[in-house]
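Report on the following structure.
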Amino acid sequence: MTHPALAPLGKAIAALTYDQIEVTDADSGSTICGTAVPLLHRSIGQDLMRVESAMGGKGKTVFSAIAASIDEALIAIEEARGLLRGGSDHDA
């Protein structure tokens, strides 16, 4: 039986990540898509860090703080999902 909290946790991860993402490995040239991409690489926080970098942000800015919070939340959500599934597996 699936724990009822797993679906809302999945929705939380979906809200904080990109579902349509494709990453090409620079060394091998292989491409991975969607949920095969590591969790933090799918995080919308990664784009916030790129925006901050493009704007020339120095030190801790609101973008870096939000990005760090998003990534911390994703890690915690994935850990909770792993525990509810009966293990400690997560792709973070």
- Item | Interatomic distance, His41 atom NE2 to Ile32 atom CD1 [nearest 0.5 angstrom] | 8.5 Å
- Query: Rounded to the nearest 0.5 Å, how far does OG1 of Thr17 lie from CD of Gln46?
  - Reply: 11.5 Å
- Task: Using the side chain to side chain contact (heavy atoms under 4.5 Å, CB included) rule, take Val23 and Thr31 through it: C-alpha gap first, then chi angles, then the decisive distance, then the call.
- Result: CA-CA 6 Å; Val23 176; Thr31 301; over 6 Å; no
- Minimum-distance pair of heavy atoms, taken over all atoms of Ala15 and Ile44: O-CD1, 4.3 Å
- Nearest heavy atoms of Met49 and Ser64, plus distance in Å: SD-CA, 3.7 Å
- Taking atom types as modelled and ignoring hydrogens, do the side chains of Asp25 and Ser30 form a donor-acceptor contact shorter than 3.5 angstrom? no
- Task: Measure from the side-chain N and O atoms of Ser69 to the backbone N and O of Ala65, and report whether any donor-acceptor pair falls under 3.5 Å.
- Result: yes
- Could you pull out the closest heavy-atom pair between Ala5 and Leu84, with the gap in Å? CB-CD1, 3.7 Å
- Query: So how far is it from Glu52 CD to Thr61 OG1, rounded to the nearest 0.5 Å?
  - Reply: 3.0 Å
- Atom CD1 of Ile77 and atom CG of Leu39: how far apart are they, to the nearest 0.5 Å? 8.5 Å
- Is the closest side-chain heavy-atom distance between Leu9 and Ile13 below 4.5 Å? no
- Query: Measuring from His3:NE2 to Leu83:CG, what's the distance to the nearest 0.5 Å?
  - Reply: 10.5 Å
- Message: Taking the side chain as everything from C-beta on, heavy atoms only, tell me whether Glu78 gets closer than 4.5 Å to Ile75.
- Response: no
- Query: What's the spacing between Thr35 OG1 and Arg42 CZ if we round to 0.5 Å?
  - Reply: 6.0 Å
- Message: If you compare all heavy atoms of Gly45 against all heavy atoms of Asp71, which two are closest, and at what distance to 0.1 Å?
- Response: CA-OD1, 4.5 Å
- Note, Tyr18 side chain near Val37 side chain (heavy atom, < 4.5 Å): no
